[in-house]
2 protein chains.
Amino acid sequence: MSSDLLNSTYVRWMEEGPESDIVISSRVRLARNLQTVPFPHLLDEKTGQTCWQQVQQAWQKSSLKNELELLSFSNLTALDRQILMEKHLISPDHAEANKSYQGLLVDKDGLLAIMINEEDHLRIQCLLPGLQIEECYKKAQLVDDELESNLSFAFDEQRGYLTACPTNVGTGMRASVMLHLPAIVITGQLNAVVHYIGQLGLTVRGIYGEGSEAMGNFFQVSNQITLGQTEEDIIANLTAVTRQIIQQERTLRENLKNQMNIQLEDRVCRAYGILTNARVITSSEALGHLSEVRLGVNMGIIDGIQPYALNELVVAIRPAHLQKRAGREMDAGSRDIHRAEVIKEKLTSHKTKPDSPQAAGN
Amino acid sequence: MSSDLLNSTYVRWMEEGPESDIVISSRVRLARNLQTVPFPHLLDEKTGQTCWQQVQQAWQKSSLKNELELLSFSNLTALDRQILMEKHLISPDHAEANKSYQGLLVDKDGLLAIMINEEDHLRIQCLLPGLQIEECYKKAQLVDDELESNLSFAFDEQRGYLTACPTNVGTGMRASVMLHLPAIVITGQLNAVVHYIGQLGLTVRGIYGEGSEAMGNFFQVSNQITLGQTEEDIIANLTAVTRQIIQQERTLRENLKNQMNIQLEDRVCRAYGILTNARVITSSEALGHLSEVRLGVNMGIIDGIQPYALNELVVAIRPAHLQKRAGREMDAGSRDIHRAEVIKEKLTSHKTKPDSPQAAGN
C-alpha cells in the first residue's frame, strides 16, 4: 500500500472538506515517548533497535496491524523520504534522517502517519481535508489509546506527557490548520492577522512548518502552548480562531470582487495563462500563480478546475515528486522545465480541448 | 471604398511580402508643392481652397480618378483621422489637422495615399507589404507623373523639388522600411545597429515615425538625406542596408534557437498565454508580447497563427481602432479592457478550440 503514497501525487487530505475554499487541511499530532528508552537524540544503534522493536511489537499486537504499514528508513531511499515529506506525512527533519530504527507507520490514504524516532519516539499524526481539527484529534486519540495499551509512555502526573523538547511537554499535542489566505495577503492585512493570532497563543508558519517559507499564500496556523491547557481547550481555541480568519478572508474576497473585479479577474486569468503556457517555471513562481488560480476557482472566476487538483499540484511540483515522475535525478534547471510540463498537463487535463498554441511541426 | 479603411482593421500592407518575417512593410513618399500657391503653413481659408481645387481638378482629369477617392477633413471626424493615422495612411501631424482644404486621396486597399496640405501640398505615399522599396517608388512615380501632367510643381533646376522644410528639398523623397527586430533587441545589439545605420546616412524611428516610441521591437528605418543623391541611389542604399539588418536579425535568431531554445520557447509561450488570458492590458505591454509571439511564429515555435493577423493586431489595439470597434469614446482604463478582448478574440479565432479557462457561469 505504501507504493501508492510513494508513486502517486495524490493523498487523501487533498480532497474537499469543510470550508475547503480556505482550509486545505487539518492536522493533530501527539508526541509520545517510551518510558524505558532514552530520547531519540540519545539513541545509538543498539538502544535504537530496542526502541524500534518495542514499537513494532505494539503495532503487531494492536488492531492497527491491518490498517498501518511499517516502513523502516533502511528500506526507503532519500528520494522516498522526501516524497513523504512533500506529502506532509513526515517532517523535513525526519526526511533527512536515515537510521534503521527510524521510520514510520502509515495508512494507505496518508490520513494517519506515525513518525518513529523523529524528535520523539512516536509522533502520531492525523491529517484530514478541510477544517476537521476535532476529528483529527479523535482519530489520533484512538491510535494513541491503541498503542498505549501495548506500550508504557513516559508520563508525569504533574507535567503530563514527557517529550524530548520541553516545549512539547504536557499534552504533547500540536494541532494545526493549513490555510489559503490570498485576499488577506493581497489587501495587506497579513501582518495584522499574524499579530492577532500570536496574541491568542497561536503561531503562523510556512507551508512546510517551522522555518519554512510562506509560499503561495499558504499558512500553517498551530497552537504554541502544550502545557496548562487541555487538548479540548487547544482544539476549541484553534477552531474558533480559524473560523474568524475564514470570515475575514471571505469578507476581503467579497470586497475584492466588488471593488476591483476586473483587476482580480485579470490577475487570476493571467496566472492561469502563464501556468498553462510556460515552458520553464520555478517552484516559487508556480506556487504564486497556483494561489491566484485557486482564488479564481473558489470565487467563480474560473470554471472547470477542481480545487483538489490544485492541492495535488502544490505537492506534484516539489523537487522529489518531479524527480520520481521523471525517474531520474534532476538539477534545479531541469526541474523547472519538468515542473512546467506537469502543471500544463494537470491544469489542462480537466478539459477536452487544448489551451495553448499548437505545438509546431518542427 | 473609404468606409472599409475606416471601419475594418485590415489594410493591404499587413499581408505577407518578401522577407516579411522581418520586414513588415516598405514605403516611399514624395513631397510635392504647387508652383503658384504658398506652402501649407502660410495658407488661409481662401488660398487653401485654391490649392484644394487645383489638386481636385488634377485628380479628376487624371486616370487616378477611378483608383483614388478624395476625402476632405471637413467630412472626416477626429476619430476617422486617427484611424487613418494608426493605419499609417496619414501622419500623426496630419491627423491633428482639420481644415477643409486638408485631406487625402486614397485607394481602397490603402496601398496608395496622398496627403493633401500636410507639411507640403502633396505627399504621395506608396505602402507595400515586405521589402519592396523599389516597387513602392515605381508606383509613387507613376502617380507623381500622372499628377504632374496636370499640375505645375515647384521645381528648381539646381535644387530639385522645393519643399516646405529644407530637409526635404531635392528628390523630396523619403523611403522607409518597418522592421521587426526582436533578436537584435533581446541580444542587446540595438545600439550598435542604430549607430551603424546612422553612419550610412539612414535614421531609425519608432513605429509612428518621428518622435514616436519604439514599441514592440518595431523600427522604421529611412533615408536622412534628400539632396545630392538620386532616387535610385537612396533606394539601393536603403535596400542594401535593410538586407544586412535582415541577415543580422536572422543570424541572431538562429543563435537564440541554438543557445537558449527552451528559454526562448518559454518567453514566447508565456507571451501567448498572457495575451490570450489577460482581461486588462496596456498598449505597450500588448505590443511587447505581440512582438514575442511574432518571433515565435516566425521561428516555428508557435503554429497556426498567421503573421498578417499579428500585423493587423498591432493596429487593431490602438486607441482609435478600439473606440471605433466599441462605437463609443473610451478612457484609457476602458480601452485596456477592450484591448484585452480584441487580442483574445483575434489570437484564438484561428483555432477551433478555446484556449483559456471556461468562463464561469456567474
Side-chain angles (χ1 to χ4, degrees), chain A residues 257 260-282 285-286 289 292-306 309-310 333-341 343-344 347-348 350-362, chain B residues 257 260-282 285-286 289 292-306 309-310 333-341 343-344 347-348 350-362:
Chain A
K257 192 158 190 161
M260 42 178 285
N261 198 30
I262 186 79
Q263 285 78 9
L264 185 65
E265 247 187 62
D266 183 54
R267 197 168 168 153
V268 163
C269 293
R270 279 171 181 251
Y272 178 89
I274 290 171
L275 287 173
T276 50
N277 285 282
R279 295 289 180 268
V280 187
I281 196 162
T282 64
E285 188 194 349
H289 296 319
E292 281 166 341
V293 169
R294 193 177 205 283
L295 177 67
V297 167
N298 284 322
M299 289 185 72
I301 295 170
I302 299 182
D303 247 12
I305 298 178
Q306 297 298 328
L310 296 175
S334 305
R335 291 202 302 269
D336 289 349
I337 295 171
H338 206 73
R339 181 177 295 113
E341 284 171 22
I343 294 171
K344 189 180 163 71
L347 280 186
T348 57
H350 68 284
K351 296 195 267 168
T352 49
K353 295 163 184 173
D355 68 307
S356 58
Q358 291 169 243
N362 62 343
Chain B
K257 192 156 190 163
M260 43 178 285
N261 197 32
I262 186 78
Q263 285 78 10
L264 185 65
E265 247 187 63
D266 183 54
R267 196 168 169 150
V268 163
C269 293
R270 280 170 181 250
Y272 178 88
I274 291 171
L275 287 174
T276 50
N277 286 283
R279 295 289 181 267
V280 187
I281 196 163
T282 64
E285 188 194 352
H289 296 320
E292 282 166 340
V293 169
R294 193 177 206 281
L295 177 67
V297 168
N298 284 321
M299 289 184 71
I301 295 169
I302 299 182
D303 247 11
I305 299 178
Q306 296 299 326
L310 296 174
S334 306
R335 290 202 302 268
D336 289 349
I337 296 170
H338 205 74
R339 182 177 295 113
E341 284 170 21
I343 294 172
K344 189 180 163 73
L347 280 186
T348 57
H350 67 286
K351 297 195 268 171
T352 50
K353 296 160 181 174
D355 69 308
S356 58
Q358 290 168 244
N362 62 342

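For clarity, every value in this text was computed on a predicted model and none was experimentally measured. All chains are named by letter (A, B, ...) in the order of the sequence lines, taking the proteins before the strands, and each is independently numbered beginning at 1. Any value given below was found using the heavy atoms of this structure, including those in side chains, with hydrogens, waters and symmetry copies removed.
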Check your understanding: Which one, V280(A), I262(A), I281(A), leads in non-hydrogen pairs under 4.5 Å with chain B?
Key -> V280(A)
Review point. Tell me, do M299(A) and L264(A) make a side-chain contact under 4.5 Å, heavy atoms counted?
Key: yes
Check your understanding: What residues form a side-chain contact (heavy atoms from CB on, under 4.5 Å) with E341(A), not counting sequence neighbours?
Key -> R325(A), I337(A), H338(A)
Review point. Side chain, backbone, both or neither: which part of L275(B) has a non-hydrogen atom closer than 4.5 Å to chain A?
Key: neither
Check your understanding: Is there side-chain contact between L295(A) and E292(A), with at least one heavy-atom pair below 4.5 Å?
Key -> no
Check your understanding: If you count heavy-atom pairs under 4.5 Å with chain B, which of A278(A), A271(A), A340(A), G296(A) comes out on top?
Key -> A278(A)
Point to revise | Any residue meeting side-chain hydrogen bond (donor to acceptor under 3.5 Å, both in side chains) with S334(B), in chain and number order, not counting sequence neighbours | key: D331(B)
Revision key, fill the gap. One option among V297(B), I274(B), V268(B) has the most heavy-atom pairs under 4.5 Å with chain A, and it is I274(B)
